[in-house]
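All remarks here apply to the structure that follows.
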2 protein chains.
Amino acid sequence: MAKSKQGARVAVACAADAHVLQAADAAVKEGIAGFILVGDKDEIARVAAENGIDLTAFEVEHVPDETAACKEAVALVASGRADALMKGSVDTSAVMRAALDKETGMRSGKKLSHIAAFELAGYHKLLYVTDAAINIAPDLEGKKDILANAIGALHNLGIAKPKVALLGAKEKPDEKMPVTMEYAEIAKQHRDDGFFGDNAIIDGPLALDNAVSAESCEIKGINSPVGGDADLLFCPDIEAGNILYKSLAFLAGAKNGGVVIGAKRPIILTSRADSAESKLISIALSVLF
Amino acid sequence: MAKSKQGARVAVACAADAHVLQAADAAVKEGIAGFILVGDKDEIARVAAENGIDLTAFEVEHVPDETAACKEAVALVASGRADALMKGSVDTSAVMRAALDKETGMRSGKKLSHIAAFELAGYHKLLYVTDAAINIAPDLEGKKDILANAIGALHNLGIAKPKVALLGAKEKPDEKMPVTMEYAEIAKQHRDDGFFGDNAIIDGPLALDNAVSAESCEIKGINSPVGGDADLLFCPDIEAGNILYKSLAFLAGAKNGGVVIGAKRPIILTSRADSAESKLISIALSVLF
């Protein structure tokens, strides 16, 4: 995808994980990021050796206890010695507990949310999706927080004025579908009060075909500044977001990555089912955000 | 897709529509179905001539008034002279009002629901999705009704024991995600009481990757009788269903069609944004159901 900022570094909590070390090794070789591997150094060395990975280019911090390793990786990020946090061979909940600790964590005061990136054969640019993994059923204010996180992240990627589609099942506000009324309210607030400043184009409700297909807009007579050219697809809840994410990754053949944003620095929570390429893209995104 | 039952016929309400006539013409030529075109016969003849369609093989009933044409097309189906209803150049609401009329309509006492079929390069068989278009936020009983409709339709297609994935954002029941608890209840009722008889395999909650990727199940240690081999993806609400439908049709390059089921006979409500091929597949499905 892209090269990193000068010397960006990722702190890995409990780094003795084959897939994570493989992705980290690839990221180092492509010049995307450096890594501080926190965990049991003997375990890390063993997993690296088993997978033919040379650890010379890595910094290793020996913290054998899992809870302590999570805390140390978070501390590296909170103190600015690392630029992003990555989960290794440990439960997501343990990493998040350390990251969200009110005293020693990396809270920023903002809501956490997930953003994913997809490279699709059938679309003319990268397509971003939020939120497929963190927020279950956000209310109106929660939706605006998630949007603010995502728009900020896209600005960091150099998209000066991202086009945002608020996705529902149809393109007209309908009281029987409450989310369409919320979307109309968000779009209106943005138009009237510059809710997200002049730095985003937001339209909704839109159906997904309107967001990604200019032809679909033309046939349906929809004149939207986002129509057919969306950068970001905003999903109404975690079910819709997760189903969209999985359909693009597993049925549309997309290359994809995802990152948790809203803390002081990005958090990479790839799962074992993600491909090595997906983990690498997630690392690249975290460095760019 | 498939050839029709002997002489199946589709009644079209307000048939003076170029895309509908093109799809009907293709269906006749492929031997999928015959058509009774209800509407203004001069308008129908004009649109057919403009599109180079020979109406010799079609039956035309001259009913110039829209409301009356909807009512007549429904009456053809309700009386058994036609096997499916198709919307032409008229609002969906007008067709549905006629179809759902308590005296003269084609109600069966069952809930109406939508089922769509997708042929994907990245999946080893046809994949069906319900409900992307009719039921907004069905409760537990509503979900079971929609499932019963879809399973019955798949039986009609010759799938003796369809594998059904109840889709959520994760594969474990979680009280914070109410739909996962409903899914666990439906799956349990089906296991314990044979809710859908012995004629379906139902599992949930599942995430979409578990439903369509055996590899994903293996990596995550999920042992599901549906895993990686789902026939039917059940979506929790209209937003998730519609977003999945559109992602497959517009971003995954699927060939697709969809039909409303649960009335006495299927109803085809294709929209103008659907391709001619999609309309043709919808006609074929309606005849097969």
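Below, read A as the first sequence line, B as the second, and so on, with proteins coming before strands; counting in each chain starts at 1.
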Take atom [atom1] in [X]; do more than 12 heavy atoms of anything else shown fall under 6.0 Å from it?
X	atom1	value
A/Glu50	CD	yes
B/Asn223	CG	no
B/Lys172	NZ	no
B/His190	NE2	yes

Under 4.5 Å from any heavy atom of chain B - which part of [X]:
X	result
A/Leu248	side chain
A/Ser213	side chain
A/Asp274	neither

| Closest heavy-atom contact between A/Ile243 and B/Ala240? | CD1-CB, 4.0 Å

| message | Looking at every non-hydrogen atom in both residues, tell me the closest pair between B/Met177 and A/Ile238 and how far apart they are. | response | CE-CD1, 3.9 Å

Most chain A-contacting option - heavy-atom pairs closer than 4.5 Å, from [options]:
options	result
B/Asp209, B/Asn242, B/Val212, B/Ile219	B/Asp209
B/Lys246, B/Lys170, B/Lys220	B/Lys246
B/Pro236, B/Ala249, B/Ser247	B/Ser247

| task | Would you give the length of the straight line joining atom CD of B/Glu239 to atom OG1 of A/Thr180, rounded to the nearest 0.5 angstrom? | result | 8.0 Å

| task | Sort B/Leu167 into side chain, backbone, both or neither according to what part of it lies under 4.5 angstrom from a heavy atom of chain A. | result | both

| Can you list the steps and then say if B/Asp237 with A/Asp237 is a side chain to side chain contact (heavy atoms under 4.5 Å, CB included)? | CA-CA 10 Å; B/Asp237 58 27; A/Asp237 57 28; 3.6 Å; yes

| Non-hydrogen side-chain atoms of B/Tyr123 and A/Leu251 separated by less than 4.5 Å | yes

